[in-house]
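Take a look at the structure set out below.
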Amino acid sequence: MRASSVALRALQRLASGGAAGDVLRAAVPSALASTSTTQQTLNGAWQQPSRGFAAAAPLSVAPVEGDLAGVLREIDAAISAEGAGPKDVADAALSLAYLQARGDRRLWGKIFAKAGALKAGFDAASLTAFLWAATTANVGHFKTAFDLAGPAAKLIGSFTPDQLATVVEALGKAGVNDPDLFKAVSDRVAAKGGEFTAAQLAKVLWGAAAAGAADGKLAKAATAALLGKLADASARDAAQATWALAKLGRADKPALDALSKALAAKSADAAPADAAAAVWALATLNHKPEAGALAKASAAIKAGAGELSTEQAIHAAWGLALLGGDKDAFAALLSAAGAAVAAAPDCVSVQALAALCEAQTLAIDRLGTQAPKLPDQVYAYAQGMYGLAADAAKARRPAAAAAFRSALATAAARAAGARYKPEIAAAVAALPRKTSDGLPVEMGLDLDKDLKVAILPLDAGSVSTTSPPHHLGAAEAAKRLLEARGYKVAPVLQSAFDAAKDDAGRAAVVLAAIKAAAPGSKVTALERQLSAPFDPYAE
């Protein structure tokens, strides 16, 4: 007997009557029909797994009473049968998703193992159904998902747009960045973007971004197609497409403006998590939307701040602090996040706590005594984590970014007048410092008693992937924090720095950045000194 038949019979037995029976009798037969599982579900009552900031939501099925353990045993027996195939695997996963049996790790493990063993036998419908069920149930196994990316790439031409969007979203959530799959997806979306709906294009964009697939062709094609369908996009579609562009580092101003307007137009239907995702994304891309769009997003966040997870609240607060959003919405977010951290200091990551510190500090710098405040102990704790996060980021820095910073520090020392190797080494060692309130300054120079300059390195990870390069929100936040503490901030773009031919050229690039930030006689004197011939043997 097929797994779908076993599951359907067992589910109907559990739903013996009342509201639960009505829901299951209405939903289960169409959802678990073995011959058309995916078409029935994707076009019917199934809800898309939440994307971006919103956590995957369980299916809304009325609670039932009965022998759940017996149902799971029957599904186990069906999936373990010698003749069980890919469709049976998909139906078993669907059954567990509907039963909300996420905690049965042993049975899910069997299903994933079977799926991996039968990976070559999946067709478009069964593969979509299996990945949808696993994503909706919020369970996963990276190796199995990775192994299924190959078959998915071969089935690209067989997927309907809805199926393809669901598969890309599911594999993206699993973190599967398969070049062959995303090239095939890119080719199809570029050639036939018009056949996708706004929701499907948002899912494709989200999946590619979540997987880390930096495919410019796919992002451009999906974004262009989506912009032509924004009238049909929901608030969630607009928010999650914006989130995807942020993860991909694509600061495409026309697209971001259009998505912000679409979100504002549908703001009455925007879930707090989606509004939070959009605000975080716009801040991450350092793109300030129209005042009306930001106000509507802030209102949605304020109304539902209590519905957000602690990490969502923190990132939304960081976004509002950077974009200059509504003070009351910011206060609601700080209140929720502060209470959660006070109750359980380890409830969020170190990076989230650093973002909380940055959000609070930006707000204080902008609003002064009128700024909403975290509890003192929470703020002090977050400040400690801010320094720890900076140290961790330095340790995880890619080799190219680390080499750029090392060369930039040497060039900054030369620009400030150091010439001999011991002088340069001493000047480089003196660059890192802290402000009076403990914020780290990566490269600081005291050019005069009243002139403090901070060199802001802009490596590839600090600027947009679109052209011309546009510094992102993290760099903007660092710039504002330093400016509020009396520093003149001189951003140095890695591409411009690397184009210099020699040490003198690189120092000249640094001086040009300093001059743009703090023009004056001191910088002019340093330029003359740098251009003068240097004789290392002169007295």
Side-chain angles (χ1 to χ4, degrees), residues 52-53 142 146 172-177 179 208-215 243-251 280-281 283-286 310-312 314-315 318-319 322 341 345-359 361-362 381-412 428-429 431-435 438-444 454-465 469-482 489 491-495 497-498:
F53 271 42
F142 178 78
F146 184 84
K173 181 180 178 182
V176 175
N177 184 3
D215 188 325
W243 183 93
L245 292 179
K247 291 293 286 186
L248 294 170
R250 298 192 63 80
W280 173 87
T284 295
L285 290 171
N286 193 21
T310 305
E311 196 140 341
Q312 289 171 344
I314 288 172
H315 288 137
W318 179 84
L322 196 61
V341 173
D346 60 348
C347 66
V348 292
S349 65
V350 170
Q351 289 73 22
L353 289 167
L356 181 61
C357 170
E358 199 163 81
T361 309
L362 285 167
Y381 176 58
Q383 285 176 312
M385 294 301 103
Y386 186 88
L388 186 60
D391 293 340
K394 182 178 180 181
R396 295 196 310 269
R397 193 170 286 153
F404 163 55
R405 280 169 164 76
S406 176
L408 179 59
T410 300
V428 167
L431 288 176
R433 58 190 65 185
K434 288 190 176 183
T435 65
L439 293 181
V441 182
E442 188 172 358
M443 298 182 193
I455 310 296
L456 183 62
L458 296 179
D459 57 29
S462 302
V463 298
S464 65
T465 56
H470 165 81
H471 72 271
L472 298 178
E476 177 65 19
K479 180 174 178 288
R480 291 189 196 177
L481 290 172
L482 291 168
V489 180
V492 179
L493 193 63
Q494 183 174 357
S495 57
F497 183 81
D498 289 345

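Counting all heavy atoms, side chain and backbone alike, Ala283 lies closest to Leu322 at O-CD2, 3.4 Å. Shortest non-hydrogen contact noted between Ala209 and Trp243 is CB-CZ3, 4.3 Å.
Remark: His471 NE2 to Asn286 CG distance equals 4.5 Å, nearest 0.5 Å.
Residues forming a side-chain contact (heavy atoms from CB on, under 4.5 Å) with Leu472 (at least two apart in sequence, or on another chain): Leu285, Ser464. With sequence neighbours left out, His470 forms a side chain to side chain donor-acceptor pair (under 3.5 Å) with no residue at all. Here Pro457 pairs with Phe404, Arg405, Leu408, Glu442, Met443 under the side-chain contact (heavy atoms from CB on, under 4.5 Å) rule; sequence neighbours left out. By the side chain to side chain donor-acceptor pair (under 3.5 Å) test, Thr435 pairs with Asp437, sequence neighbours left out. Listed by chain and residue number, Asp446 satisfy the side chain to side chain donor-acceptor pair (under 3.5 Å) test with Arg433 (two or more places apart in sequence, or in another chain). Residues satisfying the side-chain contact (heavy atoms from CB on, under 4.5 Å) test with Thr284, not counting sequence neighbours, are Ala246, Trp280, Trp318. Take Ser495 and apply the side-chain contact (heavy atoms from CB on, under 4.5 Å) test, not counting sequence neighbours, and it matches Leu493. Under the side chain to side chain donor-acceptor pair (under 3.5 Å) criterion, Thr410 pairs with no residue at all, not counting sequence neighbours. In terms of the salt bridge (charged side-chain N to carboxylate O under 4.0 Å, His left out) criterion, Lys247 has no residue partners (sequence neighbours excluded).
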Which donor-acceptor pairs under 3.5 Å do side chains of residues 383-390 form with protein atoms, sequence neighbours excluded?
{"residue": "Tyr386", "atom": "OH", "partner": "Glu358", "partner atom": "OE2", "Å": "3.1"}

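Put simply, the side chain of Gln494 does not reach to within 4.5 Å of the side chain of Val463, judged on heavy atoms.
The main-chain N or O of Val341 is never found under 3.5 Å from a side-chain atom of Thr310 such that the two would form a donor-acceptor pair. In this structure, the side chain of Thr465 engages the main chain of Gly249 through a donor-acceptor pair within 3.5 Å.
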